[in-house]
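Letters go in sequence order (proteins before strands), and every chain restarts at 1.
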Amino acid sequence: MTRLVRRQGWVAGLLVLFVVLFVVTKLIQPGYGSGDFGSLVRAVLPYAFAVAAQTIVVIAGGIDLSVGAMMALTSVTAASMMDGASEEYALFVVPFVLAMGLVLGAVNGMLIVVTRVPDIVVTLATLFVLQGAALLVLSAPGGAVAEWLRATIVGTVPIPGLPEISAWIPKALVLLVVCLCIIWIPLKRSKLGLSIYAIGSSELAAFRSGVPVARTKIIAYALSGLFAAMGGLALTMSTGIGAPIPGPYLLASVAAVVLGGVALGGGKGGLLGPIVAVFVLRLVRTDLTLLAIDPNVTAIIEGAIMVAVVMFGAFITMRSRQS
Amino acid sequence: MSTTAIQPVPFGRRLKRFMADRPLIPLIILLVILVVVLQILRPGIVNERWLANTVKFAIPLAILAGCQTMTMLTGGIDLSVGTVATMSAFIMATQVVNHDPAVAILIALVPAVLIGLVNGIGVGVFRVHPLIMTLGTSLIGTGCLQVYQRTVIASGAKIPPFLAWLGTGLTYGVPNALLLFVPIAVLIVFTLNRTGFGRLLYAVGDNEGAARLSGVRYWQVITALYVISSVLAGITGLLYIGLIKAPSLSLAEPLVLPSVAAAVIGGTSIFGGRGGYTGTIIGALILTVLTTLLTILQMPEGARRILFGLIVLFVTAAYLRIIEDR
Amino acid sequence: MTTNPLLDATGVVKTYGAVVALRNASLSVLPGEVHALMGANGAGKSTLVKILTGAIRADAGHILIRGEARNVRSPADARRAGLLPVYQEPSLIPDLDVASNLRLTDTPVEPFRAWVRELGIPDLDIRDIARDIPLAVLRVLDLARALAVEPDVLLLDEMTAALPANLAEKVLEVVRRQGDSGRSVIFISHRFVEISALCDRATVLRDGETVGVVDIEPGVEERIVEMMLGARIEKTRVAARQASQAASPRDSRPRLGVANLRVGTKLNDVSFDLANGEVAGVVALEGQGQDELFAALAGSIRPSGGTIEVDGKPVKFAHPADAIRAGIAYVPGDRTEALTMQRSVRENIALPFSAALRNWGPINMAQERSRVVSAIERLQIDTRAQREVQRLSGGNQQKVTIARWIAAEAQTILCFDPTRGIDVGTKQEIYKLLRELADQGKSVLFYTSELEEVQRVCDRVIVIFGGRVVDVFPVELADEPALMRAAYGLPRGAKEDVGILADIHSSPVAKP
Amino acid sequence: EAKYTIGVSNTVQGNGWREEMICAIKAQALASGEITKLNIAHRNTDAAGQLEDIRNLISAKVNAIVVNPADPAGIKSALEEATKAGIVVVAVDQAVTEPLAYIISNNQEQYAYLGAKWLFQQMGGKGDVVYMRGAAGASADSDRDKGFKKALAEFPDVKVVHEVFTGWQQDQGKQQILDFIATGSPFNGIWTSGIDNVIVDALVESQTPLVPVVGADNAGFVGQLNSVEGLVGAAVTNPGSIGGAGVTLALQILNGKKPAEQTVLVEPQLWENATEEGKAKLKSVADPSLSPEWPVSISIPEWTTYTKDQIIACKGPGE
Ligand SMILES: Nc1ncnc2c1ncn2[C@@H]1O[C@H](COP(=O)(O)OP(=O)(O)OP(=O)(O)O)[C@@H](O)[C@H]1O
Ligand SMILES: Nc1ncnc2c1ncn2[C@@H]1O[C@H](COP(=O)(O)OP(=O)(O)OP(=O)(O)O)[C@@H](O)[C@H]1O
Ligand SMILES: [Mg+2]
Ligand SMILES: [Mg+2]
């Protein structure tokens with residue numbers, strides 16, 4: 001029990017924080033309802049995939065500066081492929097783009113393994129490469145998206161007889177949960193998942209325990225690429241276009257990873273924490289808008305929240321270590 | 001049983017070992033190669049004027065990369081340098097309208113010291129990861145700057161002539177900025193190699209526990225470090241505004257990632273405990289020359305970026321290969 | 001004998017830049033034997049083990065497993081070939097719990113549990129995170145994990161070095177039986193007792209070269225030492241310390257006074273004095289509170305009660321810096337805790353000079369150099385690979401941790417198992433050094449897991465059991481049986497038999 | 001009589017033009033006296049982020065939204081939701097594809113065309129031009145590119161000798177032009193996408209013969225056109241105060257005065273210093289007290305009613 005609290009305490013704290021923020025939102029804007037919650041989830045979508053992409057490599061002891069650029073590239077690729085194409089063609093585009101993310105992620109991993117240059121530098125270099133590639137695909141925002149794809153994140157999942165509840169289950173949320181779980185849960189239970197934690201915790205010890213370090217690292221980056229590609233698709237699905245300039249997803253993903261209780265340095269944490277952290281951060285944004293806070297002050301508030309939460313976490317660990 | 005005779009070491013290996021012991025040499029060779037490529041692509045470009053320009057633009061980058069080098073030695077990173085430099089530049093340019101330049105510069109360095117102090121305390125006392133800590137303070141700093149700029153919209157902005165002289169001027173073809181940079185570089189190199197504080201940076205980054213057992217107080221070292229880093233960033237901002245002469249709210253932000261890259265290309269480990277400043281200076285020069293190279297090449301912007309990424313990766317990998325004697 | 005060797009390595013070469021770790025090493029292990037690999041610090045034992053198990057690549061050499069040349073490129077390959085190592089450093093993944101560590105290596109859980117119990121740890125929770133487990137237990141878990149897959153060849157690199165006597169006994173017991181059941185063990189240790197109790201043959205390395213293979217029989221120790229040390233032999237002969245040599249403390253006022261010291265639940269009520277010019281030994285089984293005692297005296301953790309006096313003045317340490325200012329230096333048993341591995345020997349030794357705020361300025365290089373060099377000479381540190389401490393062998397690293405405080409002229413040195421993993425020659429040097437320090441009027445508190453060292457070095461013995469001082473006696477009375485009894489919390493003069501396999505958890509409680 | 005809440009969404013922060021736009025919105029809201037509260041979402045983000053901001057504004061139940069779109073098509077879905085909820089949507093600076101939204105915009109294509117055409121005429125219809133664009137992949141940049149190419153097509157003897165993206169960053173622009181100057185390649189004119197005063201600086205510093213330069217109506221550049229000896233150039237207006245006009249339009253619609261057309265284009269003007277007439281105009285619009293990154297056209301006649309003091313104070317209702 002105490003072990004569970006110790007390991008999941010941070011995530012639980014974040015969930016509580018989210019609920020508190022939700023109540024606060026309701027107080028600020030009594031009309032805040034299921035539709036607005038749907039908007040929140042749709043806003044969360046690209047961030048959540050970006051943060052999942054980041055989480056997996058951070059757990060593996062790396063960092064991926066190219067997530068934002070990867071999302072941009074996959075997004076413009078999807079949008080330009082679907083531009084003027086038939087609705088059915090999208091059935092081919094989606095797997096193609098996902099595979100592209102997987103492969104490009106694996107290339108990231110291979111470059112790290114082969115060149116032995118630190119992750120942060122390799123992914124900084126691929127950040128430029130992917131950005132460049134995105135500009136070659138589309139030199140300005142454009143492209144299109146299949147209608148059915150767009151519809152997968154609009155509206156709610158109907159549950160017969162329970163309209164009250166189903167109003168609170170946006171399709172975007174279902175899509176998010178399904179996409180994350182389909183990869184994360186089997187991974188977490190497999191030996192591969194353990195290996196990813198192992199190389200993040202101690203590469204030497206992992207190598208000596210017989211973990212194929214290079215292969216595991218490449219797979220971690222490949223999965224990161226896959227999540228980033230989902231993020232790119234989510235961008236295209238919500239905007240209907242592809243934009244070659246990366247959005248603010250890189251820094252946001254790093255911040256959410258840390259807020260979610262994943263140690264930069266690797267080996268610790270899970271996916272749930274960072275995802276909840278994303279929800280919290282997006283809801284803070286909503287509240288700032290609802291409160292009509294001076295926009296120049298919002299940057300200060302967001303920065304301060306980030307620093308304060310992380311300091312608080314550091315403070316707790318310090319206290320618990322002393323006792 | 002006969003011991004295997006010591007065979008003569010092949011030339012290739014000897015050369016490699018020689019380079020490994022003097023990591024600056026391969027780095028300088030890489031730099032020269034880039035310059036030669038540039039000269040081949042655009043014959044005549046490598047002239048006195050170009051050299052002066054390159055040095056002028058490399059200097060601010062090199063000083064910020066110095067901040068990264070020092071923080072990276074302790075296993076940290078300082079992502080707030082861009083914001084700090086921008087803040088001090090912007091504040092100086094707007095304050096100098098109503099104050100003496102010396103006073104304006106002092107006012108401009110106050111936020112630098114404050115941000116450094118907050119970073120240092122966050123990292124050193126509360127043990128927040130430096131990446132997050134400096135990211136957070138740079139967000140806060142940017143926000144504060146936004147608020148500040150609203151109060152001075154009407155006051156206009158000025159660049160004190162001596163900063164412009166320092167930033168853009170040449171004396172006998174040599175950039176005046178070197179007057180500022182050479183002492184700073186000497187000071188950083190000296191600090192890292194010949195002072196107790198420098199030793200502690202390496203020690204803390206390598207094994208904090210060991211440093212503690214030797215009586216080192218981590219928070220003191222880290223706080224001092226981040227304050228120094230911030231002040232250097234502030235000074236860079238003043239120099240940069242002298243060079244660019246256009247105060248803007250994102251003036252030095254584009255230098256942040258390159259400053260990290262310059263330190264890494266220069267052989268400083270982001271995991272701490274290993275590296276030095278001389279390599280970083282060459283790293284900054286390499287990046288600056290590379291930027292020129294790509295500006296000069298006429299190709300689509302996308303291809304340009306791809307090439308930039310590939311070359312950075314290649315240079316770093318080649319350099320690591322050379323100095324790693326395995 | 002006609003049996004073919006299970007493992008046969010010849011002409012193994014490994015160089016690190018200018019440092020030749022292995023020049024021409026060979027090793028041949030027969031089925032069913034426990035084979036000792038011996039050599040002074042830096043002889044290349046660990047390097048050879050790493051090569052055999054695929055953790056590093058050799059530059060040259062032939063390795064045959066059951067007569068076949070197999071390409072062992074990684075520890076995973078080695079496992080498949082039936083070779084399982086326990087390296088000098090723990091290999092459990094720090095952030096995973098024990099159960100996950102087992103899964104990662106495909107280790108069956110039940111046999112593992114059985115081995116762990118057999119090795120003397122009855123109450124292991126396999127959901128504990130490896131990081132939270134003490135070093136000695138981790139080593140045992142590493143061994144149990146290796147045993148559980150029933151390897152053909154088990155390679156144990158200084159397995160017993162970090163273990164307290166009771167756990168070491170169990171390990172020896174178990175390893176012995178491995179040989180009996182037809183499997184082979186390569187056993188590295190600097191302790192001759194263990195070698196003679198356990199091994200059938202020994203391969204001796206010197207400076208990266210195999211200089212001989214001998215059968216272990218009574219009296220062979222002398223020959224092994226000769227082979228190991230070569231020319232160094234003469235300098236290191238130091239007889240066991242005679243009781244009559246014990247220096248009487250010169251100063252009546254104690255240098256260090258500890259009264260009723262308590263730390264959490266581990267250390268309850270410890271009181272003793274340490275005089276100037278005295279070496280006091282601390283003897284305790286694993287986990288009796290000695291770690292906490294040393295940490296509290298070193299300023300690393302805060303005591304929850306009691307007082308510490310230095311030179312008669314009460315002190316409170318909030319940080320190791322405070323202890324250092326009071327002239328108390330701490331040498332941890334685990335050298336990775338004390339060294340900055342990527343830095344030079346010189347910087348490691350000089351580190352305390354720069355620690356205080358007022359010493360952050362320019363360094364007087366000439367002065368520093370002379371002090372560092374004299375400390376290096378005094379401890380005879382092998383500085384061939386001095387640009388990075390991590391390239392030094394384990395024993396030489398250990399010396400650097402002590403040299404630092406010799407250079408800084410600390411008045412009181414707290415040595416926690418300083419001879420862990422050190423060869424005989426170096427051990428003698430360290431004993432001599434500690435005595436010299438005492439003769440210069442310094443004081444030393446010395447914890448050791450090897451009881452025989454007590455007689456050689458200490459003036460007085462402080463025995464700790466269950467977080468309390470259960471006995472203090474002069475070195476004259478400290479023969480091994482007496483120490484062993486005391487360590488188990490038995491009163492002096494008690495006649496109960498303390499078997500080497502006695503279970504500490506059910507052993508009689510100390511009488512106050 | 002103040003009764004409306006207006007939401008604002010903008011996706012670039014820290015750039016003089018956008019800051020002026022926000023201040024114009026605030027000043028106009030205050031000057032109109034009809035607005036109780038402004039909800040401003042003003043940060044650096046992409047189209048998806050703008051969708052989020054617009055939806056938050058819908059949640060906040062504003063009466064109208066003034067939006068500077070990150071991309072015309074990318075935010076259609078949120079704008080649709082807004083118009084469905086009965087919120088008046090006014091896009092400024094760029095068009096949007098949502099049919100029910102109103103647009104009051106600077107004509108970016110025309111902006112580039114006007115400046116480029118003037119430049120090519122100054123060059124005598126032939127020679128080499130340096131083309132310093134904005135940010136690669138931004139839609140305003142590609143609109144301007146169309147205008148530039150249109151002008152270029154009219155002058156077959158003009159060649160683009162060097163094309164780079166400044167990313168609308170002063171320091172990059174300066175380094176790029178200095179690098180180009182160092183190559184020694186001759187050039188006869190420079191077209192910039194608003195990173196202009198550093199270009200003039202670079203020419204002066206490196207003692208290169210001055211060539212005609214086209215920029216935007218930023219205070220710094222306008223000052224240079226008036227003061228730098230031998231500089232011939234033109235500033236094309238691209239008023240940031242369009243934001244204020246957006247507020248005015250939104251209020252008109254809320255008050256039932258719908259414009260005849262969905263789209264109202266504010267045509268750019270060109271101020272040059274090649275003629276005496278132009279010089280006088282430039283002298284009259286120059287404003288050295290402004291931040292050099294701010295456009296000098298701080299108001300748009302007929303559309304904005306605030307005073308200069310009000311926009312500089314940058315305070316909205318209730319502040
Ligand atoms: N990574 C390395 N780089 C350079 N030199 C190394 C490296 N690893 C080991 N060496 C050198 O190789 C030699 C043999 O080291 P090794 O660790 O094998 O000794 P050892 O016999 O295990 O000693 P000990 O008993 O002290 O553990 C030493 O001189 C050491 O300095
Ligand atoms: N740069 C240096 N080079 C060589 N030795 C040094 C250097 N700096 C300090 N020392 C020596 O290291 C030891 C520790 O220095 P430190 O000044 O910290 O001692 P201290 O006991 O704290 O001083 P005090 O007793 O004066 O308060 C002293 O013996 C000092 O002489
Ligand atoms: Mg060893
Ligand atoms: Mg002193």
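Looking at Leu92(C), only its backbone comes within 4.5 Å of chain A, counting heavy atoms on both sides. Only the side chain of Arg145(C) comes within contact range of chain A, with heavy atoms under 4.5 Å apart.
Taking 4.5 Å as the heavy-atom cut-off, the residues of residues 203-216 of chain A that approach chain C are Ala205(A), Ala206(A), Phe207(A), Arg208(A), Ser209(A), Gly210(A), Val211(A), ordered by number. Taking 4.5 Å as the heavy-atom cut-off, none of the residues of residues 117-125 of chain A approach chain C. Chain C is approached within less than 4.5 Å, heavy atom to heavy atom, by Arg189(A), Ser190(A), Lys191(A), Leu194(A), Ser195(A) from residues 178-195 of chain A, ordered by number.
The residue among Leu84(C), Leu96(C), Asp77(C) with the most heavy atom pairs within less than 4.5 Å of chain A is Leu96(C). When the candidates Ala263(A), Ser201(A), Gly200(A) are compared by the number of heavy-atom contacts under 4.5 Å with chain C, Ser201(A) comes out ahead.
Residues passing the ring-ring contact (aromatic ring centres under 6.0 Å, His included) test with Tyr197(A), sequence neighbours excluded: none.
Nearest heavy atoms, Ser202(A) versus Ile93(C): O-CD1, 4.4 Å. Taking every heavy atom of both residues into account, Gly267(A) and Asp95(C) meet most closely at O-CB, 3.5 Å.
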